[in-house]
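Structure record follows, encoded as structure tokens.
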Amino acid sequence: IANHRGLIDSAAVGIVEKIISAMFIVPSSMLATVSALSSQNLGAGKPERAAQTLKYAAMIATGYGIAVVLVIELVAEPLLGCFTTDAAVVLMGCQYIRGYIVDTIFAGYFAACGKSYIGFLHNIIAIVLVRVPGSYLASRLFAGTLLPMGLAAPAGSLLSVMICVAAYRWMKRRGTLYTAA
């Protein structure tokens with residue numbers, strides 16, 4: 001989608017994607033940690049500890065996400081300036097990253113409890129219903145800025161979080177959260 005917007009937008013999105021990949025190392029690591037620790041606790045017959053693991057990991061990952069958003073909002077220009085001297089690329093990259101970086105708040109929480117199909121489903125739903133169409137529509141409706149296009153990713157993650165919270169509550173209420181799928 002960004003490549004169809006031209007060289008400057010494409011370059012800006014490419015640089016931001018590399019920065020975002022680095023920023024997502026912590027949420028990705030947290031996701032793997034939650035999965036491993038929750039699985040160990042479930043295997044040991046301690047579902048309450050698995051729930052605590054999820055709770056604390058979500059708090060840590062959310063705190064990290066908020067901190068990253070605040071830092072990026074303050075240092076977007078110099079950060080992008082490390083990768084290019086083109087002022088137009090820096091400007092467009094700043095617009096894109098200021099929308100996209102919000103996604104670090106929502107990144108990864110639901111890989112525990114042996115219910116991997118939920119992770120697959122919420123990701124597919126978010127990609128098909130929000131991320132791709134949101135990016136496409138934003139690129140068409142807001143040709144002069146990348147900010148709305150950058151917001152498509154956190155909008156998709158917000159939908160994922162809502163699906164995960166609903167699934168968690170539903171399975172917990174039914175008593176199936178810590179049982180075989």
Side-chain angles (χ1 to χ4, degrees), residues 1-35 54-111 119-120 122-166:
I1 293 170
N3 290 342
H4 290 286
R5 291 178 55 117
L7 184 60
I8 290 172
D9 289 4
S10 180
V13 168
I15 292 168
V16 169
E17 290 296 336
K18 300 303 178 209
I19 294 169
I20 291 290
S21 293
M23 298 296 112
F24 272 62
I25 290 172
V26 172
S28 295
S29 298
M30 191 61 66
L31 183 63
T33 301
V34 167
S35 181
L54 181 62
K55 174 185 170 185
Y56 292 124
M59 290 168 44
I60 291 167
T62 301
Y64 168 81
I66 291 168
V68 166
V69 168
L70 294 174
V71 168
I72 291 297
E73 292 296 332
L74 295 173
V75 301
E77 289 88 357
L79 182 60
L80 277 113
C82 291
F83 299 94
T84 183
T85 57
D86 188 317
V89 173
V90 170
L91 175 67
M92 296 308 277
C94 287
Q95 293 172 358
Y96 187 60
I97 200 168
R98 285 190 168 120
Y100 196 165
I101 200 66
V102 175
D103 201 27
T104 58
I105 296 172
F106 301 117
Y109 302 128
F110 203 97
F120 175 76
H122 80 76
N123 276 314
I124 293 297
I125 291 168
I127 289 167
V128 171
L129 296 181
V130 179
R131 287 178 185 256
V132 172
S135 292
Y136 177 77
L137 288 173
S139 75
R140 294 293 183 197
L141 297 174
F142 302 97
T145 178
L146 286 174
L147 178 64
M149 201 168 123
L151 290 171
S157 291
L158 183 57
L159 176 62
S160 287
V161 168
M162 293 182 334
I163 291 169
C164 288
V165 167

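Remember, it's a predicted structure, so these values are computed and weren't measured experimentally.
Atom CG in Leu137 sits 12.0 Å away from atom CE in Met149 (nearest 0.5 Å). Here Leu79 contributes atom CG and Ile97 contributes atom CD1; the two are 5.5 Å apart, rounded to the nearest 0.5 Å. Rounding to the nearest 0.5 Å places OG of Ser160 at 6.5 Å from CZ of Arg131. Taken from CD1 in Ile72 to CG in Leu80, the straight-line distance is 8.0 Å, to the nearest 0.5 Å. Atom OH of Tyr96 sits about 12.5 Å away from atom CD1 of Ile15, to the nearest 0.5 Å. The CD1 atom of Ile163 sits 11.0 Å away from the OG atom of Ser157 when rounded to the nearest 0.5 Å.
In terms of heavy atoms, Pro154 sits closest to Leu151 at CD-O, 3.3 Å. Listed here is the closest heavy atom pair of Leu146 and Met92: CD1-O, 3.5 Å. Closest of all the heavy-atom pairs between Ile101 and Val69 is O-CG2, 3.5 Å. Here the shortest heavy-atom pairing between Gly134 and Ala152 reads C-CB, 3.8 Å. Shown here for Ile1 and Ser135, the closest heavy-atom pair between the two residues is CD1-CB, 3.7 Å. Of all the heavy atoms in Gly93 and Ala12, the pair that sits closest is N-CB, 3.4 Å.
A donor-acceptor distance shorter than 3.5 angstrom exists from the side chain of Arg5 to the backbone of Ala143, with no hydrogens or angles considered. Using a distance-only test at 3.5 Å, with no hydrogens or angles considered, no donor-acceptor pair links the side chain of Arg98 to the main chain of Leu147. Although no hydrogens or angles enter the test, the distance criterion places a donor-acceptor pair under 3.5 Å between the side chain of Tyr64 and the main chain of Met23. Formation of a donor-acceptor pair under 3.5 Å by the Ser139 side chain with backbone atoms of Tyr136 is found in this model.
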Check: Can you list the steps and then say if Val90 with Phe83 is a side-chain contact (heavy atoms from CB on, under 4.5 Å)?
Finding: CA-CA 9 Å; Val90 170; Phe83 299 94; over 6 Å; no

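Residues Ile66 and Thr62 meet the side-chain proximity criterion, which asks for heavy atoms closer than 4.5 Å. Two residues are said to be in side-chain contact when any heavy atoms from C-beta on lie closer than 4.5 Å; Tyr56 and Met30 fail this criterion.
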